[in-house]
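Numbers here simply count residues along the sequence, with the first being 1. Only a predicted model underlies this, so the values are computations on that prediction, with no experimental measurement involved. Read the numbers this way: they start at 1 and go in the same order the structure lists the ligands and their atoms.
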Amino acid sequence: MPNVYLKTYGCQMNERDSEAVSAQLLAQGYSLVPTEDQADVILLNTCSVRDLAEQKALGKMSHLVNDSRQKPDVVFGFMGCMAQSRGSALLPRLPRKGLVVGTQKFHRTGEYLDRIRSGEAEKICDVAPEAGSESTIKEHLPPASLPNPKRRVSAYVSIMQGCNQRCAFCIVPDTRGKERSRPIAEIVDECRKLIAEGVREIVLLGQIVTSYGRREIGKKNGKSAFVQLIEAVHQLDGLERIRFTSPHPRGYGDDLIDAYPRLPKLCASAHLPVQSGSDRVLRLMRRGYTRERFLELIRKLRAARPQIGITTDIIAAFPGETETDFQETLSLVEEARFDNAFAFKYSPRRQTPAANWEQIPQAINEDRHSRLLAKVSEIGHQKYRQQLGRQVRILVEGPSRRNPDRLQGRTSCNKITVFEGDRRQIGELLDLRVHRIGSFTLYGDPL
Ligand code: SAH
Ligand code: F3S
């Protein structure tokens with residue numbers, strides 16, 4: 001049986017795509033191996049969202065193809081966003097047998113590998129669009145084969161592909177294509193099977209889940225297709241929790257806010273990418289909302305679920321951002337009181353409008369990024385410290401990453417919580433008292 005090593009870069013959608021490809025390859029007789037040493041096939045599932053992510057995968061691949069310990073006949077492949085965006089330009093980086101598979105072709109990976117391995121082809125590149133490809137990310141690995149054991153308890157389910165927004169900085173509409181949503185019944189079916197395998201939490205995934213089914217399904221009784229989907233998944237017996245990522249603030253309607261008090265399985269957390277606190281920059285970014293509208297949304301969410309954990313994404317040094325604009329981003333972090341935020345240095349991406357605008361010098365970009373990080377952790381720590389002494393209910397996911405003798409789970413607000421426990425508690429809801437606060441981690445004692 002040929003051995004496949006698959007390494008994943010980037011977001012949750014990529015992690016999910018890799019799981020689906022792994023499950024398909026397993027079904028076709030391939031074995032999954034955790035390291036590259038004995039691999040017959042080496043695949044990198046790539047990310048393009050910032051240049052750094054691309055450079056990491058390119059560096060890794062060049063290291064791999066030059067590794068003399070490699071078996072002689074290894075097939076190397078790029079999959080995912082960078083494969084989609086760079087296409088056949090990547091083939092010369094794969095000197096021997098090579099594969100480039102775009103984001104609408106994951107399900108063809110096995111077929112292409114067979115053709116290359118049989119000698120029928122040396123190199124294959126397929127980045128063409130394919131109708132219906134949004135429904136091809138559906139297979140799940142048997143629990144024991146999951147590269148991330150957390151997924152046995154909390155599973156990712158891809159509900160849509162693509163994004164139509166075209167924010168001025170973002171390459172995703174190019175790498176992931178136009179918005180296409182899967183039918184509700186199909187998603188519910190997938191969730192039901194996962195629950196039967198022991199999954200207790202479902203994370204609904206898409207680049208812009210608030211646009212889910214806008215054209216395919218539409219509104220019913222004032223409820224968006226996305227809320228209809230959440231309601232349908234909510235009805236499944238044996239499911240404890242529902243999360244989703246990522247919504248867009250612009251599409252975050254009152255129907256979705258109203259879902260929080262109504263649907264107890266919907267976790268008290270929201271990842272709401274804001275990108276900037278300056279109206280001027282938000283306009284340049286083409287985000288379609290103002291600072292005030294964003295803050296209003298947060299107020300409504302906190303009114304609907306007072307303990308809700310809110311996280312965000314922020315970009316520092318977007319082209320045209322002045323020091324005054326940046327100060328408004330810092331003050332937004334204070335005002336919004338995010339539990340955590342991912343702070344990114346702006347990275348110009350090919351074929352995006354902002355890449356052609358006058359850029360902020362690198363030194364200023366780095367300086368703003370580090371000031372932003374400092375503000376984010378100051379506020380984040382204040383928010384985490386408020387949890388001290390509180391009783392929280394977690395879903396136990398598995399061994400703690402840093403200390404495998406301990407277990408970890410997540411609160412409904414999406415805070416990682418570490419405790420001393422027994423592996424039999426994995427998959428259970430557990431009440432803890434928080435006795436210590438670490439860096440974006442809670443430590444608790446079982447009650
Ligand atoms: N809607 C998707 C966005 C994917 S990109 C989602 O929320 O998952 C994830 C984050 O990367 C964005 O929210 C943005 O903050 C950041 N990002 C996107 N393009 C970027 C760029 N060109 N430079 C720096 N950060 C970027
Ligand atoms: Fe990117 Fe904006 Fe869509 S950040 S994924 S173009 S909502």
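- Those atoms of ligand 1 that come under 4.0 Å of a heavy atom in Arg349, given as number and element, are 22 (N).
- In this structure, Arg86 fails the cation-pi test against Phe78, since its NZ or CZ atom is not both closer than 6.0 Å to the six-membered ring centre and inside 45 degrees of the ring normal.
- Aromatic ring centres of Phe226 and Phe244: separated by under 6.0 Å.
- A salt bridge does not link Glu139 with Lys193: every distance from a Lys NZ or Arg NE/NH1/NH2 to an Asp or Glu carboxylate oxygen is 4.0 Å or more.
- Using a cut-off of 4.0 Å between Lys/Arg side-chain N and Asp/Glu carboxylate O, Arg350 and Glu54 are scored as salt-bridged.
- Near Gln275, with a cut-off below 4.0 Å to any heavy atom, the atoms of ligand 1 are 12 (C), 13 (O), 14 (C), 15 (O).
- Of the heavy atoms in Met13, only side-chain atoms (C-beta onward) come closer than 4.0 Å to ligand 1.
- Ion pairing of Arg410 with Glu201 is absent here, as no side-chain N (NZ or NE/NH1/NH2) approaches a carboxylate O to less than 4.0 Å.
- For atom 7 (O) of ligand 1, the nearest protein heavy atom (residue, atom name, distance) is Ser246 OG, 2.7 Å.
- Using a 4.0 Å cut-off between a side-chain N of Lys or Arg and a carboxylate O of Asp or Glu, Arg16 and Glu190 qualify as a salt bridge.
- Counting heavy atoms under 4.0 Å from ligand 1, residue Ser347 touches it through both backbone and side chain.
- Assignment of Ile315 to the shell around ligand 1 is supported, since a heavy atom sits closer than 4.0 Å.
- Look at Lys223 and Asp258 and you find no salt bridge, because none of the NZ, NE, NH1 or NH2 atoms lies under 4.0 Å from a carboxylate O.
- Looking at atom 7 (S) of ligand 2, its nearest protein heavy atom turns out to be His248 CD2, 3.4 Å.
- With a 4.0 Å heavy-atom cut-off, ligand 1 is reached by the backbone of Val49 and by its side chain too.
- Among all non-hydrogen protein atoms, the one lying nearest atom 1 (N) of ligand 1 is Gln207 O, 2.6 Å.
- For the pair Lys7 and Tyr5, the cation-pi criterion (under 6.0 Å, within 45° of the ring axis) is not fulfilled.
- For ligand 1, the atoms closer than 4.0 angstrom to any heavy atom of Pro273 are 7 (O), 13 (O).
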>> side-chain hydrogen bond (donor to acceptor under 3.5 Å, both in side chains), that's the test. Do Arg243 and Ser269 meet it? Break it down for me.
In response: CA-CA 8 Å; Arg243 299 184 190 277; Ser269 85; 3.3 Å; yes

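- For atom 19 (N) of ligand 1, the nearest non-hydrogen atom from the set Tyr346, Phe318, Phe169 comes from Phe169.
- Atom CD1 of Ile416 sits about 11.0 Å away from atom CZ of Phe440, to the nearest 0.5 Å.
- Proximity of Phe344 to ligand 1, defined as any heavy-atom pair under 4.0 Å, is confined to the side chain (atoms from C-beta onward).
- At a 3.5 angstrom cut-off on N or O pairs, Asp313 counts as close to ligand 1.
- Looking at Arg50 against ligand 1, only its side chain comes within 4.0 Å, counting heavy atoms.
- Arg176 does not count as a contact of ligand 2, since none of its heavy atoms falls under 4.0 Å from the ligand.
- Salt bridge absent: Glu328 and Arg280 never bring a charged side-chain N and a carboxylate O closer than 4.0 Å.
- None of Asp279, Val281, Leu284 except one satisfies the side chain to side chain contact (heavy atoms under 4.5 Å, CB included) rule with Asp325; the exception is Val281.
- Under 4.0 Å is where a charged nitrogen must lie from a carboxylate oxygen, and between Lys138 and Glu186 no such pair does.
- When each atom of ligand 1 is checked for a heavy atom of Lys345 under 4.0 Å away, the hits are 23 (N), 24 (C).
- With respect to Glu130 and Arg180, no salt bridge is recorded, no charged nitrogen being found less than 4.0 Å from a carboxylate O.
- Contacts with ligand 1 closer than 4.0 Å are made by no heavy atom of His271, backbone or side chain.
- Distances shorter than 2.8 Å separate atom 1 (Fe) of ligand 2 from the protein N/O/S atoms Cys170 SG.
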